[in-house]
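Everything below concerns the one structure shown next.
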Amino acid sequence: MKKVLALFIILATQVAVAQNVSTIVTCPGEDASTTMRISWAADSKGSAIVYRPASDADWQNAKRLRPETEFRCVTFDSIYSKAADNSDIYEYPAIIKCGASLKGLSPDTRYEYMIVDKQGSSASQVHSFVTAGAESWTCCIISDFHAYTPLMHRQVDAWL
């Protein structure tokens, strides 16, 4: 019985926990026709990006790329803040900032990508972008207004 219990404990400690990913941002590289930069936040190290031309419908030729940058963000450590219900909270979040440059892409091509966890399972939805190279292309540029719950009108004031 002790051997069975020991085996169960060993197996239980090796069960994978799903990795949470957020704040996925896609930006053009220096040459927007061949390079894109993807950044994201994760709750632990080990994630990667998997990408492919959208024409590769079954992901058979997808490439997996580990982040070039992967570090623990300490910006919000040891901060007293407010929760949505206005109660005081002490923040110490686990935020791993990751970033990877997709290089050698083909111009004027739609690509799809997703973030995967350590085991290679999807940790995000599939996202897409189109590299530059067409006669005209569009993009959306958004400034970071730093929404902060205790300052309810901060975003509105930024527009004025």
Side-chain angles (χ1 to χ4, degrees), residues 15-54 56-57 59 61-133 137-160:
V15 173
V17 176
Q19 192 169 31
N20 293 311
V21 171
S22 63
T23 320
I24 301 171
V25 178
T26 308
C27 297
E30 186 174 340
D31 180 349
S33 65
T34 61
T35 305
M36 291 298 264
R37 176 90 179 150
I38 313 292
S39 63
W40 65 95
D43 62 359
S44 60
K45 290 187 176 184
S47 60
I49 186 167
V50 176
Y51 68 99
R52 65 175 172 103
D56 179 16
W59 293 79
N61 297 309
K63 295 180 181 177
R64 179 185 171 107
L65 182 63
R66 291 274 303 129
E68 298 148 2
T69 58
E70 186 177 49
F71 62 91
R72 187 173 182 283
C73 175
V74 296
T75 304
F76 302 104
D77 283 2
S78 306
I79 293 177
Y80 285 99
S81 190
K82 294 283 187 184
D85 65 0
N86 205 33
S87 62
D88 293 324
I89 59 172
Y90 181 75
E91 296 196 38
Y92 191 80
I95 302 172
I96 307 298
K97 291 298 292 171
C98 305
S101 294
L102 284 54
K103 299 178 180 179
L105 303 174
S106 299
D108 196 22
T109 303
R110 176 173 295 281
Y111 286 86
E112 293 183 335
Y113 69 92
M114 67 179 139
I115 309 302
V116 296
D117 63 17
K118 294 175 190 176
Q119 290 77 31
S121 298
S122 175
S124 77
Q125 296 178 333
V126 175
H127 299 275
S128 68
F129 62 85
V130 178
T131 53
W137 57 281
T138 59
C139 69
C140 176
I141 299 173
I142 301 172
S143 182
D144 187 352
F145 295 120
H146 294 279
Y148 181 60
T149 305
L151 303 175
M152 299 302 281
H153 301 289
R154 188 172 188 176
Q155 287 181 310
V156 173
D157 293 343
W159 287 101
L160 302 176

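Along the sequence shown, residues are numbered consecutively beginning with 1.
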Give, for atom [atom1] of [X] and atom [atom2] of [Y], the distance between the pair rounded to the nearest 0.5 Å.
X: Ser124; Y: Tyr113; atom1: OG; atom2: OH; result: 7.5 Å
X: Met36; Y: Leu102; atom1: CE; atom2: CG; result: 8.5 Å
X: Ile95; Y: Ser44; atom1: CD1; atom2: OG; result: 12.5 Å
X: Ile115; Y: Asp117; atom1: CD1; atom2: CG; result: 11.0 Å

What are the two closest heavy atoms between [X] and [Y], and how far apart are they?
X: Pro67; Y: Ala48; answer: CD-CA, 4.3 Å
X: Ala41; Y: Lys97; answer: CB-CD, 4.3 Å
X: Ser33; Y: Asp31; answer: OG-OD1, 2.5 Å
X: Arg64; Y: Lys118; answer: NH2-O, 4.0 Å
X: Ala100; Y: Leu65; answer: CB-CD2, 3.9 Å
X: Asp108; Y: Thr131; answer: N-OG1, 3.0 Å

Check: Does atom CD of Glu68 have more than 12 heavy-atom neighbours from other groups under 6.0 Å away?
Finding: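 Yes, because the 6.0 Å sphere around CD of Glu68 holds more than 12 heavy atoms from other groups.
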One pair to check against side chain to side chain contact (heavy atoms under 4.5 Å, CB included): Lys63 and Val50. What are the steps and the verdict?
CA-CA 5 Å; Lys63 295 180 181 177; Val50 176; over 6 Å; no
Any donor-acceptor N/O pair, [X] side chain to [Y] backbone, under 3.5 Å:
X: Thr35; Y: Ala32; answer: no
X: Ser121; Y: Gln119; answer: no
X: Asp43; Y: Asn20; answer: yes
X: Glu70; Y: Gly46; answer: yes
X: Ser101; Y: Lys103; answer: no
X: Asp56; Y: Asn61; answer: yes
X: Tyr51; Y: Ser128; answer: no
X: Thr34; Y: Leu105; answer: no
X: Thr26; Y: Ile38; answer: no

Test side chain to side chain contact (heavy atoms under 4.5 Å, CB included) on Phe129 and Glu112 and set out the steps. CA-CA 7 Å; Phe129 62 85; Glu112 293 183 335; over 6 Å; no
Non-hydrogen side-chain atoms of Ile24 and His127 separated by less than 4.5 Å
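Yes. Closest side-chain heavy atoms under 4.5 Å.
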### Message
Taking the side chain as everything from C-beta on, heavy atoms only, tell me whether Met114 gets closer than 4.5 Å to Trp59.
### Response
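Met114 reaches Trp59 side chain to side chain.
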| query | Could you walk me through whether Ser47 and Trp40 pass the side-chain hydrogen bond (donor to acceptor under 3.5 Å, both in side chains) check? | reply | CA-CA 10 Å; Ser47 60; Trp40 65 95; 2.9 Å; yes
- [ ] Let me see the working for Tyr111 and Ser106 under side chain to side chain contact (heavy atoms under 4.5 Å, CB included), right down to the final yes or no.
- [x] CA-CA 9 Å; Tyr111 286 86; Ser106 299; 3.7 Å; yes
task = Under the salt bridge (charged side-chain N to carboxylate O under 4.0 Å, His left out) rule, collect the residues that match up with Arg110, sequence neighbours excluded.
result =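 By the salt bridge (charged side-chain N to carboxylate O under 4.0 Å, His left out) rule, Arg110 matches no residue at all.
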